[in-house]
Enquirer: 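The following block contains the structure, expressed as structure tokens.
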Protein chains: 2
Amino acid sequence: MNKQRLTSTLNKAKQVCLEHGRKFTIQRKQILQILLTTDVPLSAYELASCYKLRTSSSVSVMSVYRILSFLESVNLVRRLNSANKYIAYGTDSEVFKRETSLFLICRHCQKVETLAVSQSDVAKLFPHFDDAGFTSQTKQFEMLGVCNECQAKLA
Amino acid sequence: MNKQRLTSTLNKAKQVCLEHGRKFTIQRKQILQILLTTDVPLSAYELASCYKLRTSSSVSVMSVYRILSFLESVNLVRRLNSANKYIAYGTDSEVFKRETSLFLICRHCQKVETLAVSQSDVAKLFPHFDDAGFTSQTKQFEMLGVCNECQAKLA
DNA sequence: TTTGGATATGTTATAATGTATCAATTGTGC
DNA sequence: GCACAATTGATACATTATAACATATCCAAA
């Protein structure tokens, strides 16, 4: 993500926080920025380390968890259940738009590609879902596999 | 799961192990039986506790993890990423048949409903994959939400 | 029959992930 | 300034998972 896009994304993020009546503190900004400028998902502990490296300051891991769940609650970051790690997206992402996402997670390079999944796509994937009488609260699906680039390298 | 179905499932499980040139030891059987006769997913530590309660013997948690990953490798149990817990199924289940599954996990009662997802269903999403050039190795999807019964109770 | 190798389990230690609790701080409106 | 809510710090602890090495068990080949 280039500098300009990063700045605009952080500005948009600030707006999102304010709209929720919450603050976009320096720590929240730093954590979000680290996630935005890293191309692999990071764990809470990795984020705490990164924070110490990148800034001259530090955060407790406890705070990282709190910051992450806050950012998650306002749809600025997502947690990957299959990795116990977190990712963030640019302003134009469907995560911002709160749509359902399909995460394609590469087992080799760890990079995550995100696809928007429409309700009709979900219906196609799970034709018998309606029969189950289940009310889904899930906004994301995760697929593990091998990405394009790694396949090429391995071949 | 009734007694007869349990017995036949355990017999089938033994066959599966033997077909893989592996053993169906007493501990593996007990762990599988606990999972089969519990209607909610259990963690490795919970399984170790259950084991102690149900049998006069015990297993180390380390062994439980090893047993679980073995049972998983021969498709007898599945791990739920969103809960860090494990489930097992009857002989007629699609888990035995190694198909892709959709797990509907109830946030209230913890029960898990399983739906089979055919390869062709997954393939319907493939236009997206082709764009992404991603090779999936995933055999399961997980949805969190509220099940039929809990909805009725809550209403 | 014994010995070698693969499989399975025991044991201990430690890493990694996550939560509870209470105190301190910061900022904002009154 | 003061009261109040939001945020963060700090400590302790709970939960989940793996590493490393030792021991046991079983079967097959010498």
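Keep in mind it's a predicted model, so treat the numbers as computed, not measured. Quick note on labels: first sequence line is chain A, next is B, and so on, each numbered from 1.
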Enquirer: Should B/I34 and B/Y45 be counted in the same cluster of Ile, Leu, Val, Met, Phe, Trp and Tyr side chains packed under 4.5 Å apart?
Expert: yes
Enquirer: Grab the two heavy atoms, one from B/V64 and one from B/A44, that are nearest each other, plus how far apart they are.
Expert: CG1-O, 3.5 Å
Enquirer: Consider only side-chain N and O atoms of B/Q151 and A/T135, and report whether a donor and an acceptor are under 3.5 Å apart.
Expert: yes
Enquirer: For every nucleotide of nucleotides 6-18 of chain D, 5' to 3': is a protein heavy atom under 4.0 Å from its base (B), only from its sugar-phosphate (S), or from neither (-)?
Expert: -SBBB-----BBB
Enquirer: Mark yes or no for whether A/R79, through its side chain, and A/L68, through its backbone, hold a donor-acceptor pair below 3.5 Å.
Expert: no
Enquirer: Taking any atom under 4.0 angstrom from a heavy atom of chain B, which nucleotides of DNA chain C are the first and last to qualify, 5' to 3'?
Expert: C/dT7 to C/dT11
Enquirer: Treating Ile, Leu, Val, Met, Phe, Trp and Tyr as nodes and any side-chain heavy-atom pair under 4.5 angstrom as an edge, say whether A/V146 and B/F134 lie in one connected cluster.
Expert: no
Enquirer: Please give me every residue in residues 10-19 of chain A whose heavy atoms get under 4.0 Å of an atom in DNA chain C, ordered by residue number.
Expert: none
Enquirer: Short question: side chain of B/Q110, backbone of B/H108 - any donor-acceptor pair under 3.5 Å?
Expert: yes
Enquirer: Taking atom types as modelled, find out whether B/S82 and B/E142 have a side-chain donor-acceptor pair closer than 3.5 angstrom.
Expert: yes
Enquirer: For residues A/Y51 and A/Q30, report the shortest heavy-atom separation together with the two atoms involved.
Expert: CE1-CB, 3.3 Å
Enquirer: Donor-acceptor pair, B/T55 side chain versus B/S57 backbone, under 3.5 Å?
Expert: yes
Enquirer: So is A/R28 actually on top of A/F70's ring, under 6.0 Å and inside 45° of the axis?
Expert: yes
